[in-house]
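Structure record follows, encoded as structure tokens.
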Amino acid sequence: MTSRLHLHLDGDDSVELHVTHSNIPSFNADLRFSLQMPVEAVKDKLWKICGTAVNSMSLELYDDSGAKIALLSNDSAPFGFYSPLNGYRLHVVDLDPSSITSGGWLDDTSLVQKYEISEEAYEKRQGTFRKFKEKLAHQNPEIASTKVPDNYMEDLCANIKVRQGGR
């Protein structure tokens, strides 16, 4: 695992963990948790971020090598009981088969029905971008005649490097 710089102050009783979710592959967050807070409070914090209900959530703790080291099964135990360290991964498992997070509804936009409008209906509408553009072109014909080439940023984009699989 890549080394990361972690801020740790004397007397700080918190850890920074990488959080993942069973139903949302794209969900990745680095969150700080107090070691004194009960596991149920950890779940409540995660519910507000990832949408899985507290009573439908199971938490698994993984070390920095990816080995599972604990199932956080006691909601009243302090989080520190499970000995998490900075850089560990906390994995949220959603146990509700009808959860909002299941089936890809929060992750897969192809499942969402798209709004469509016919050309005739769009032309009848007032205040559209197309009508704004036509009005602008009528007021400033030289702007309308200036075309930007499709590849106008190609040289800039050629130098962009994208890392995959990392944080």
Side-chain angles (χ1 to χ4, degrees), residues 1-117 127-129 132 148 150-167:
M1 181 171 216
T2 60
S3 65
R4 297 176 54 192
L5 179 63
H6 294 283
L7 176 63
H8 186 77
L9 304 173
D10 289 337
D12 184 14
D13 72 337
S14 65
V15 291
E16 183 180 345
L17 303 177
H18 183 68
V19 182
T20 57
H21 195 283
S22 63
N23 292 346
I24 312 171
S26 65
F27 180 83
N28 288 292
D30 290 324
L31 301 174
R32 185 162 289 281
F33 298 94
S34 168
L35 297 173
Q36 305 303 316
M37 67 193 310
V39 170
E40 187 170 28
V42 171
K43 288 181 177 182
D44 187 61
K45 182 176 182 173
L46 290 168
W47 161 69
K48 294 171 186 169
I49 296 170
C50 69
T52 297
V54 171
N55 59 352
S56 299
M57 186 184 301
S58 175
L59 297 177
E60 300 171 348
L61 185 63
Y62 292 82
D63 67 14
D64 53 4
S65 70
K68 183 176 176 179
I69 59 170
L71 176 64
L72 285 65
S73 56
N74 184 350
D75 284 352
S76 60
F79 188 51
F81 174 77
Y82 296 97
S83 304
L85 297 176
N86 282 323
Y88 278 17
R89 180 170 64 98
L90 188 61
H91 185 65
V92 177
V93 179
D94 193 330
L95 304 172
D96 182 3
S98 61
S99 169
I100 190 170
T101 67
S102 66
W105 289 103
L106 296 179
D107 209 32
D108 185 358
T109 59
S110 69
L111 299 173
V112 180
Q113 183 179 0
K114 307 300 185 272
Y115 177 76
E116 294 181 15
I117 186 170
T128 64
F129 180 70
F132 169 75
V148 177
D150 290 338
N151 64 346
Y152 76 103
M153 293 190 80
E154 194 172 279
D155 57 334
L156 293 173
C157 294
N159 297 322
I160 296 175
K161 304 286 187 260
V162 179
R163 285 188 336 174
Q164 294 193 8
R167 291 188 250 168

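Owing to the predicted nature of the structure, the values given are computational and were not obtained by experimental measurement.
The closest donor-acceptor contact from the side chain of Lys45 to the backbone of Phe33 lies at 3.5 Å or more, if one exists at all. When atom types are taken as modelled, the side chain of Asp63 and the backbone of Gly66 share a donor-acceptor pair closer than 3.5 angstrom.
How far CG of Leu61 is from CG of Leu71: 10.0 Å, rounded to the nearest 0.5 Å.
Between Leu90 and His18, every side-chain heavy-atom pair lies at or beyond the 4.5 Å cut-off. Phe79 is not listed as a side-chain neighbour of Ser34, based on a closest heavy-atom distance of 4.5 Å or more. Two residues are said to be in side-chain contact when any heavy atoms from C-beta on lie closer than 4.5 Å; Val19 and Leu46 meet this criterion. Counting heavy atoms from C-beta on, the side chains of Tyr82 and Asn74 come closer than 4.5 Å.
The closest side-chain donor-acceptor pair between His21 and Thr52 falls under 3.5 angstrom.
More than 12 heavy atoms of other shown residues, nucleotides or ligands fall within 6.0 angstrom of atom CD in Glu60.
In plain terms, the two heavy atoms of Gly87 and Asp64 that are nearest each other are O-CB, 4.3 Å. Here the closest non-hydrogen pair linking Cys50 and Val92 is SG-CG1, 4.2 Å. Shortest non-hydrogen contact noted between Trp47 and Met57 is N-CE, 3.9 Å. Of all the heavy atoms in Asp94 and Asp96, the pair that sits closest is OD1-N, 3.0 Å. Heavy atoms only, all atoms of each residue included: Leu17 and Leu85 are closest at CD2-O, 3.3 Å.
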